Amino acid sequence: MKAVILVFSPSGHTLQAANIFREEFEKRGVSVQLINTTKNPNYLNEGSIKNQLEADLDAHDVLLIGGPIYAGHMEGHVLQLIKHLPETGEKYGALAVPFATYGGVHSSVALEEMGKLLKQKKRKSILGVKIAAEHTLTKTASKIIYKGRPGENEVDIISKAVDKSIKIASQDAGNIKDVSKSFCYSKPLARLMYRLFSQEKIHKKFKQVSIDTQKCIQCKKCISVCPVNMFDFTDGKVKMVKNQQQCILCAECYHYCPADAINHPYIEPARARLKDGDAELEKEPSAIYPATGKIQKNTD
């Protein structure tokens with residue numbers, strides 16, 4: 001059995017989860033290829049994603065793909081990865097395991113979005129995993145949500161997910177059922193709201209991140225931490241080199257700037273939305289779907 005893990009990880013927490021998946025698979029004798037797409041321009045530019053995937057992807061039986069949840073949705077770069085996946089066949093198996101990390105109040109519709117797109121690409125989601133993880137954006141709050149996570153609980157959840165994935169993958173692939181309907185666990189009104197308000201609609205008016213040139217000390221920290229390469233060093237100065245709409249509002253630049261030179265309009269709204277870290281959280285922060293854990297076969 002061979003597994004491939006595709007991951008986009010702005011703050012490093014989703015990559016941490018991906019590495020736990022890799023370690024758990026390898027403990028069980030499964031070969032794993034892990035591809036970190038963060039900061040890679042060929043995975044950030046929609047026009048080059050397909051060719052890069054075809055160049056990088058090893059043959060596999062199971063594809064795992066993961067990213068963070070922003071504004072209730074799966075981060076857009078991860079959805080683009082799914083849209084450009086190569087066709088399944090002899091080289092690429094049809095089984096998939098989407099996983100989502102989140103440091104906010106709810107995991108919302110992210111797994112649902114991933115499951116639908118994977119189904120369109122002729123891939124069967126055999127289970128889905130949500131993972132509580134510390135989010136850089138909450139560092140300004142009085143209380144950091146899910147501080148220090150992924151932790152021991154998430155290792156246990158991922159370990160169980162790996163066992164289930166291997167068990168399901170050992171079955172005849174033609175008889176294994178797509179379980180993406182189990183990812184629709186958010187309340188109907190919440191799901192409707194997120195259908196009406198995309199990640200882009202929610203974030204658009206806040207995409208006005210800028211550099212205070214009077215404070216900037218040219219340390220280039222923002223360049224090194226930005227997951228989508230918004231910054232560059234030219235003519236002796238750090239500058240924004242991309243259209244603001246390409247910013248994903250992860251706030252990595254803001255939190256890692258030692259000179260407080262980054263103006264970030266989303267910090268205060270995010271703090272308010274999360275009630276300064278005291279927002280009511282999901283009763284089950286990390287979980288596997290479907291919750292029953294049963295291997296479901298086609299009855300069609």
Side-chain angles (χ1 to χ4, degrees), residues 1-9 14-15 17-18 21-22 25-26 30-68 73-100 109-129 161-162 164-184 198-199 228 288-290 295-300:
M1 179 179 170
K2 175 69 180 280
V4 167
I5 304 174
L6 277 173
V7 62
F8 176 69
S9 181
T14 314
L15 180 60
F21 270 109
R22 177 181 58 78
F25 270 115
E26 290 178 345
V30 176
S31 176
V32 179
Q33 177 194 26
L34 193 156
I35 301 174
N36 182 7
T37 66
T38 318
K39 287 189 76 68
N40 187 326
N42 290 328
Y43 281 118
L44 299 175
N45 181 353
E46 186 176 359
S48 59
I49 295 174
K50 183 178 180 180
N51 288 339
Q52 194 63 44
L53 283 169
E54 290 176 349
D56 290 348
L57 280 178
D58 287 350
H60 56 269
D61 302 290
V62 180
L63 174 72
L64 291 86
I65 184 163
H73 296 272
M74 174 48 56
E75 209 295 309
H77 287 90
V78 180
L79 299 181
Q80 288 296 338
L81 285 173
I82 297 175
K83 288 177 182 177
H84 292 285
L85 286 172
E87 296 297 320
T88 58
E90 292 185 7
K91 185 176 181 181
Y92 305 125
L95 306 184
V97 177
F99 63 97
V109 296
L111 284 178
E112 181 182 351
E113 291 171 329
M114 297 173 81
K116 286 180 179 178
L117 281 180
L118 285 164
K119 197 169 186 178
Q120 289 174 18
K121 296 298 294 186
K122 309 300 182 185
R123 282 170 167 76
K124 297 178 181 179
S125 294
I126 56 176
L127 54 88
V129 188
V162 168
K164 291 179 181 180
S165 297
I166 292 172
K167 188 174 182 179
I168 294 171
S170 69
Q171 310 299 307
D172 182 345
N175 292 327
I176 298 172
K177 182 181 178 181
D178 179 279
V179 298
S180 57
K181 285 186 177 180
S182 69
F183 305 161
C184 305
S198 66
Q199 182 188 86
V228 293
I288 300 170
Y289 296 93
I295 296 175
Q296 300 187 37
K297 295 186 177 182
N298 265 329
T299 57
D300 298 339

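Because the structure is a prediction, the values reported are computed rather than measured.
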Looking at every non-hydrogen atom in both residues, tell me the closest pair between [X] and [Y] and how far apart they are.
{"X": "Arg22", "Y": "Val32", "value": "CG-CG1, 3.8 Å"}
{"X": "Gly93", "Y": "Thr88", "value": "O-CG2, 3.6 Å"}
{"X": "Ala17", "Y": "Phe99", "value": "CB-CE1, 4.4 Å"}
{"X": "Glu75", "Y": "His77", "value": "OE1-N, 2.7 Å"}
{"X": "Val228", "Y": "Phe8", "value": "CG1-CZ, 4.0 Å"}
{"X": "Met1", "Y": "Phe25", "value": "CE-CE2, 4.1 Å"}

How long is the gap from [atom1] on [X] to [atom2] on [Y], to the nearest 0.5 Å?
{"X": "Arg123", "Y": "Leu95", "atom1": "CZ", "atom2": "CG", "answer": "10.0 Å"}
{"X": "Lys91", "Y": "Leu57", "atom1": "NZ", "atom2": "CG", "answer": "7.5 Å"}
{"X": "Glu113", "Y": "Cys184", "atom1": "CD", "atom2": "SG", "answer": "10.5 Å"}
{"X": "Lys116", "Y": "Leu111", "atom1": "NZ", "atom2": "CG", "answer": "12.5 Å"}
{"X": "Gln33", "Y": "Leu64", "atom1": "CD", "atom2": "CG", "answer": "12.0 Å"}
{"X": "His73", "Y": "Glu112", "atom1": "NE2", "atom2": "CD", "answer": "10.5 Å"}

Side-chain heavy-atom pair [X], [Y] within 4.5 angstrom cut-off:
{"X": "Gln120", "Y": "Lys83", "answer": "no"}
{"X": "Thr14", "Y": "Val78", "answer": "no"}
{"X": "Pro98", "Y": "Leu118", "answer": "yes"}
{"X": "Thr38", "Y": "Leu15", "answer": "no"}
{"X": "Glu87", "Y": "Lys121", "answer": "yes"}
{"X": "Leu53", "Y": "Leu6", "answer": "yes"}
{"X": "Asp56", "Y": "Tyr43", "answer": "yes"}

* To do: Kindly check if the number of other-residue, nucleotide or ligand heavy atoms within 6.0 Å of NZ (Lys181) is above 12?
  =>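 Atom NZ in Lys181 is not crowded, with 12 or fewer foreign heavy atoms closer than 6.0 Å.
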* Do other residues, nucleotides or ligands put more than 12 heavy atoms under 6.0 Å from the NZ atom of Lys2? ->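 Yes, the 6.0 Å shell around NZ holds more than 12 heavy atoms from other groups.
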* Backbone N or O of Val7 within a donor-acceptor pair of the Thr37 side chain at under 3.5 Å? ->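 Yes; at least one donor-acceptor contact below 3.5 Å.
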* To do: Measure from the side-chain N and O atoms of Lys124 to the backbone N and O of Ile176, and report whether any donor-acceptor pair falls under 3.5 Å.
  =>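 Yes: the side chain of Lys124 pairs with the backbone of Ile176.
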* Picking from Leu44, Asn45, Asn40, what satisfies side-chain contact (heavy atoms from CB on, under 4.5 Å) with Asn42? -> Asn40
